[in-house]
Amino acid sequence: MQQYDPHFIEEKWQKIWDKNDIDLMQPDNEKPPYYVLEMFPYPSGDVHMGHVRNYSIGDVISRYKRMQGFNVLHPIGWDSFGLPAENAAIKQNSSPQKWTYENIDKQRASLRRLGFSYDWSRVVITSDADYYQWGQWIFLKFWEMGLVERRSSPVNWCPDCNTVLANEQVLGNDGHCWRCKTIVEKRELEQWYFNITSYADELLEDLDELKGWPERVKQMQANWIGKSTGANVVFTLCDENGNATDETITVFTTRPDTLFGCSFFLLAPEHPLALRLSKGTEYEAAVNTVRLSVEKASSVEREMTERDKNGAFTGRYVINPVSNQAVPIWVSDYVLMEYGTGAVMAVPSGDQRDFEFAKKYGLPIPPVVVSKDDPLLAELANQTDTRLLDVPWDEAYTGSGFMVQSGEFTGLAGGKDSEGSSAVINWLSERGLGSASVNFRLRDWLISRQRYWGNPIPAVHCKHCGIVPLPYEDLPVILPLDLDVTAGESLADHKEFCEVNCPLCRQPARRETDTMDTFTCSSWYYLRYVDAHNKSLPFDGDTADKWLPVDQYIGGIEHAILHLLYSRFFTKALRDAGLLGSTGARSLLQLGEPFKNLLTQGMVKLDGETMSKSKGNVVPPEDMIARYGADTLRVYILFMAPPDKDLEWSQEGLEGIWRFLNRAWRSVYDLLGECVVDSENNVLSIYDQDLTSADADLRGQDLNRDIHRVIGKAKDDIERFNLNTAIAAIMELLNSVSAYIKLPRELRNEELCRRAAEALTLLLAPMAPHIAEELWCVVLQNERKGSVHAQAWPAHDPSQAQATMVELAVQVNGKVRARITVAQDANEAEVRTEAQAAVATLLDNAEPRKIIVVGGKLVNIVV
RNA sequence: GCCCGGGUGGUGGAAUGGCAGACACGGAGGUCUCAAAAACCUUUGUCGCGAGACGUGUGGGUUCAAAUCCCACCCCGGGCACCA
């Protein structure tokens, strides 16, 4: 008998698989396509346990699906543009590309060493020109579609990374940079945007279609998109007596039903009107103070003073369009310039913030929507004019109720999206004073970065023509590699790169030197894999529509908003792109959603912290592979926890998996009748000589049953991603085998032995591919049937997974008091009689009130 | 504040409303050995010598039966948050 030598067999089979192309997707295959994808790695160093987990899960799915008869596409690549490469280059006095490609080589070697079944013919590396040029192509396509804009607005600036960030890249309460954790600043800058907001509604609506996504992720995206329904209401500027001017200000509100309760009006301090209205008046100084305090405050300071609302009166008024009263205009720091119109109708009785502000500055708080349980309702039931000024409440009432003091609307149901709201909206619409409206929290995606190691934005600044997109023929814009970042050089210092002629007027012009956010690269890589070597398009539409959506996408929850939202946007935009542009008759893509099923794998932590290169708490898999081999490590990390749960890394238990694989190895030999020995030739096969052929029959039945049961359970578990319990089930089968091989050889059923050995091997194949292959091809001598990974998943017969005799628990009043063994198909009357007999002494002749029989499980006798 | 997860032995974790703790790790004891390792066997939720009692964050409820369903609450993790 050969000893289990993981290093020898793992290296041997990796070479053979590679030579035979067993992991490549077969384009012409008739089998149904299945696309399984793990989020591609960032080459920040060598792989760590988080990667091992992510890619082990994906590998099990891909191998399992292959055994289920699918033509599987399982590709890999690298998300290799980005700031860490630049920082590392500066630190190591090297270059970003050297660092990046060395890391890719290291990671590739590690992934190969782990035996993942990737289609290595389709590798996508985002910093390769033959990939990123298509990112530029898509940029131009988006430009054609009106999805690209360059504009000036307040942006997030990371002082450490020296670049702007998208809203999605600013995290936490304190507003820190997603990459370096530095607190970001606000700056007013001209930047490039993708108009993701034009897809806001669709991005939200289509979440409902994503049945295979975790609820949590959909919730997070819905939160982020933040849709509010309500109305725009037009207010007219007036003097303090209510004499109208011809100037209007529009506000957005989710509560048009409370419009009668609007007793003052608010502008964001940065609002241009705020300054203008108070200019040259006695109020100017106070308004300015509020404005300056907001401008200076960083997000941290804003956090600290969060609930403390400050404001100032502007000296001017607007007319409340329904009550015709003049209400004062204030500025306040709690009104955000970025949301809605930067102006708010304040209804202090119906909004807690307005309530606090009104209390602080002594402004009126008339009730307009009153709870049905509030005594105030009876008092005001028929009150149509605004009479009572301050509500007797301690806080605003934001729930639903009935409208009071609201003219003709008095008595209607009030609340969010209520009857009263619709009535007020209709009334306003008829008079041109407002309309139903929707607002989103989602902002456009700021995609330009003032960094070198990224995809150049294909545009030119021309003195005569303005900002000009490059024509498609001028692509690619190659990122120059002869730049010395260690000397502080940036793209703007690279003369040959910057000096170009304007594509329109042919005059000398300057090339755009910002690069695109790395997230633009990762927003469509899954499309490139299906047609990775296409030289004329980013991908072929027919091929993409055949393979996509990705059947199973696997990655970390940290991308719930960032990457997963951007990718959905790209897919939708690309779907709409072909219909407009120069790609010909066919739409580029039919598909609207890229990922059909999503598994968000939990993070691998060390001492409660996520493992990552930047935190320096990475556990490399090398030592463990060196000691136990890749199979042991793979099975271990899958066995530790269900895939979607976070996991605290610990090496305790790794040894147990090593023992498990060794035991499986020896058991297969034993099942084949070989004498099992250890490395020092001590005989390990121990047969129990006292066993009879009757024992052999019973154990044979047990083993046969477990073969069928475990094949079924492992299948169900893998399909539900309960990979830990799938492994536990295989361990149970092995335990059953161990019991059987206690039988002396002459008592064993040879056919059963072979069936058990093959089942064990096939079930192990997705998780521990190398040992399974060696057992299959060499030990079981099945080489002529081909690789274990080309076999069909073993069949099972559920009827044979049932025991003929089953043990039932007998409960009296819900407590287990006895056990009986009955035939699996015993009828209920028999079971009742036997159960009662078993607990007769306890029942003490009392007549049972009720007997519940749960098939195959228990009997409960209620007395 | 709003919205999601989660809370089960010493540990990781199992349980379509039906015997809580599968499968492992760790511990204890044993076999083999001059000895050790490996392997194998027994045992291992808590309390109790025992019969037995108690046990899934807390308190109630529904049910013949609750880790699982309902109500209230506590704790941990995550997302959003002065979004009108």
Side-chain angles (χ1 to χ4, degrees), chain A residues 171-173 214-224 226-228 230 251-255 258 266 268 302-303 305-309 332-336 338-347 350-354 356-357 398 439-442 557-558 560-561 608 636 639-642 644-648 650-657 659-660 662-663 666 676-680 682-686 722 724-732 734-735 738 742 807-817 819 848-863:
Chain A
L171 309 177
N173 286 335
E215 219 36 62
R216 181 157 66 129
V217 175
K218 291 193 275 186
Q219 201 80 46
M220 282 164 76
Q221 291 209 355
N223 255 342
W224 186 259
K227 180 177 181 172
S228 300
V251 297
F252 173 73
T253 178
T254 57
R255 293 293 303 278
T258 63
L266 291 165
R302 271 212 299 280
E303 162 82 358
T305 57
E306 189 178 344
R307 306 270 161 203
D308 191 20
K309 297 167 180 48
S332 177
D333 49 10
Y334 76 92
V335 179
L336 305 173
E338 311 91 81
Y339 187 75
T341 60
V344 172
M345 61 175 236
V347 182
D351 182 283
Q352 186 56 24
R353 295 156 299 176
D354 299 344
E356 285 164 23
F357 192 81
T398 56
N439 249 278
F440 292 96
R441 213 196 69 96
L442 182 72
I557 185 76
E558 67 272 20
I561 292 171
Y636 177 55
F639 184 63
M640 279 181 89
D644 56 348
K645 266 193 70 172
D646 281 358
L647 183 128
E648 175 66 31
S650 149
Q651 219 164 303
E652 305 272 315
L654 185 59
E655 193 89 25
I657 300 299
R659 284 201 289 262
F660 163 59
N662 269 286
R663 209 149 65 84
R666 292 195 306 265
V676 173
V677 296
D678 69 11
S679 54
E680 280 151 38
N682 299 315
V683 174
L684 297 177
S685 311
I686 302 163
N722 292 340
N724 55 331
T725 52
I727 293 165
I730 300 170
M731 288 172 169
E732 286 176 34
L734 180 59
N735 289 344
S738 296
K742 291 271 150 46
E807 192 181 68
L808 303 186
V810 181
Q811 297 182 332
V812 178
N813 293 336
K815 299 226 174 228
V816 180
R817 297 295 176 183
R819 288 172 189 286
R849 277 202 302 150
K850 202 171 177 184
I851 299 177
I852 291 121
V853 178
V854 183
K857 299 228 160 111
L858 57 74
V859 183
N860 191 9
I861 300 172
V862 187
V863 293

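Letters go in sequence order (proteins before strands), and every chain restarts at 1. It should be emphasised that the depicted structure is a prediction, and the values quoted were computed from it without experimental measurement.
- When each of B:G18, B:A39, B:G26 is scored by its nearest atom to the side-chain atoms of A:Lys857, the top-ranked nucleotide is B:G18.
- Nucleic acid contact class of A:Pro642 (heavy atoms, under 4.0 Å, all strands): sugar-phosphate only.
- Rounded to an integer number of Å, the gap from A:Ile852 CD1 to B:A65 P is 8 Å.
- Residues A:Ala641 and A:Leu647 come closest through the heavy atom pair CB-CD1, 3.5 Å.
- Where A:Asn813 and A:Ile557 meet RNA chain B, the nucleotide closest to each residue was compared, and A:Asn813 sits on the side nearer the 5' end.
- A:Arg663 has its side chain within reach of A:Asn735: a pair of non-hydrogen atoms, C-beta onward, lies under 4.5 Å apart.
- The partner of B:A22 cannot be assigned: no Watson-Crick or G-U wobble pair with both contacts below 3.5 Å exists in any strand.
- Pairing for B:G1 is with B:C80, a Watson-Crick or G-U wobble pair whose two hydrogen-bonding atom distances lie under 3.5 Å.
- The side-chain hydrogen bond (donor to acceptor under 3.5 Å, both in side chains) search around A:Thr398 returns none, not counting sequence neighbours.
- In this structure, a donor-acceptor pair under 3.5 Å is absent between the side chains of A:Arg849 and A:Asn813.
- At a threshold of 4.0 angstrom between heavy atoms, the contacts of A:Val251 with the nucleic acid are absent.
- The pairing partner recorded for B:U58 is B:A72, the criterion being a Watson-Crick or G-U wobble arrangement whose two distances lie under 3.5 angstrom.
- In this structure, B:G59 shows a glycosidic angle more than 90 degrees from zero, which is the anti conformation.
- Of the P atoms belonging to B:C47 and B:U33, the separation is 37 Å, rounded to the nearest Å.
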Please enumerate all protein N or O atoms sitting under 3.5 Å from an N or O of nucleotides 20-24 of chain B, with distances to 0.1 Å.
residue: B:A22; atom: O2'; partner: A:Glu732; partner atom: OE2; Å: 3.2
residue: B:A24; atom: OP1; partner: A:Asn735; partner atom: OD1; Å: 3.3
residue: B:A24; atom: OP1; partner: A:Asn735; partner atom: ND2; Å: 2.9

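- Contacts of A:Lys218 with the nucleic acid, taken as non-hydrogen atoms under 4.0 Å apart, are absent.
- At whole-Å resolution of the value, CG in A:Asp678 and P in B:A38 are 11 Å apart.
- Pairing of B:A51, defined by two Watson-Crick or G-U wobble distances under 3.5 Å, is not identified with any nucleotide.
- The same atom, C1', is picked in B:A15 and in B:A84; the two are 48 Å apart, to the nearest Å.
- For A:Asn860 and B:C64, the CG to P distance is 10 Å, given to the nearest whole Å.
- Of the residues near RNA chain B, A:Arg255 and A:Glu648, the one whose nearest nucleotide (by heavy atom distance) lies more toward the 5' end is A:Glu648.
- Nucleotides B:U43 and B:G9 have their C1' atoms positioned 15 Å apart, rounded to a whole Å.
- The CG atom of A:Asn223 sits 14 Å away from the C1' atom of B:G5 (whole-angstrom rounding).
- One can place CD of A:Gln651 at 13 Å from C1' of B:C25, the figure rounded to the nearest angstrom.
- Within 4.0 Å (heavy atoms only), A:Leu684 reaches sugar-phosphate atoms of the nucleic acid but no base atom.
- Look at the P atom in both B:G45 and B:G10: the space between them is 10 Å, to the nearest Å.
- Remark: A:Lys850 is in phosphate contact with B:C64, judged by side-chain N or O atoms under 4.0 Å from OP1 or OP2.
- Side-chain proximity of A:Arg666 to B:C40, B:C3, B:G79: nearest is B:C40.
- B:G13 and B:A22 have their P atoms separated by 15 Å, given to the nearest Å.
- The gap from the P atom of B:G55 to that of B:G60 amounts to 11 Å, rounded to the nearest Å.
- Residue A:Lys815 places at least one side-chain N or O closer than 4.0 Å to OP1 or OP2 of B:C54.
- For A:Asn722 (side chain) and A:Thr725 (main-chain N/O), no donor-acceptor pair under 3.5 Å exists by modelled atom type.
- Distances were taken from every side-chain heavy atom of A:Ile561 (C-beta onward) to each of B:A15, B:G18, B:C80; the shortest belongs to B:C80.
- Comparing the same atom, C1', in B:A67 and in B:U8 gives a spacing of 7 Å after rounding to whole Å.
- Contacts of A:Val862 with the nucleic acid, taken as non-hydrogen atoms under 4.0 Å apart, involve only primed sugar atoms and P, OP1 or OP2.
- A:Arg441 comes within 4.0 angstrom of a base, heavy atoms only.
- Within 4.0 Å of A:Glu215, counting heavy atoms only, lies no atom of the nucleic acid at all.
- A distance-only check finds a donor-acceptor pair linking the side chain of A:Asn860 to the backbone of A:Gly814 [under 3.5 Å].
- Rounded to a whole Å, the CZ atom of A:Arg849 is 12 Å from the C1' atom of B:U63.
- Using a 4.0 Å cut-off, no side-chain N or O of A:Lys645 falls inside it from OP1 or OP2 of B:G6.
- Between A:Leu171 atom CG and B:A81 atom C1' there is a gap of 15 Å when expressed in whole angstrom units.
- Spacing between B:U56 and B:U68 at atom C1', rounded to whole Å, works out to 10 Å.
- In this structure, A:Val347 and A:Arg255 have side chains that are not in contact, with every pair of non-hydrogen atoms separated by 4.5 Å or more.
- Protein atom CZ of A:Phe440 is 13 Å distant from nucleotide atom C1' of B:C83, rounded to whole Å.
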| message | Between A:Lys218 and A:Glu215, is the salt bridge (charged side-chain N to carboxylate O under 4.0 Å, His left out) condition met? List the steps. | response | CA-CA 5 Å; A:Lys218 291 193 275 186; A:Glu215 219 36 62; 3.8 Å; yes

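- When both distances must be under 3.5 Å, the Watson-Crick or G-U wobble mate of B:C40 is B:G30.
- Listed by chain and number, the residues in a ring-ring contact (aromatic ring centres under 6.0 Å, His included) with A:Phe357 are A:Phe264, A:Trp330, A:Tyr334, A:Tyr361 (sequence neighbours excluded).
- Residues A:Ile852 and A:Gln811 have side chains not in contact (no heavy-atom distance under 4.5 Å, counting atoms from C-beta outward).
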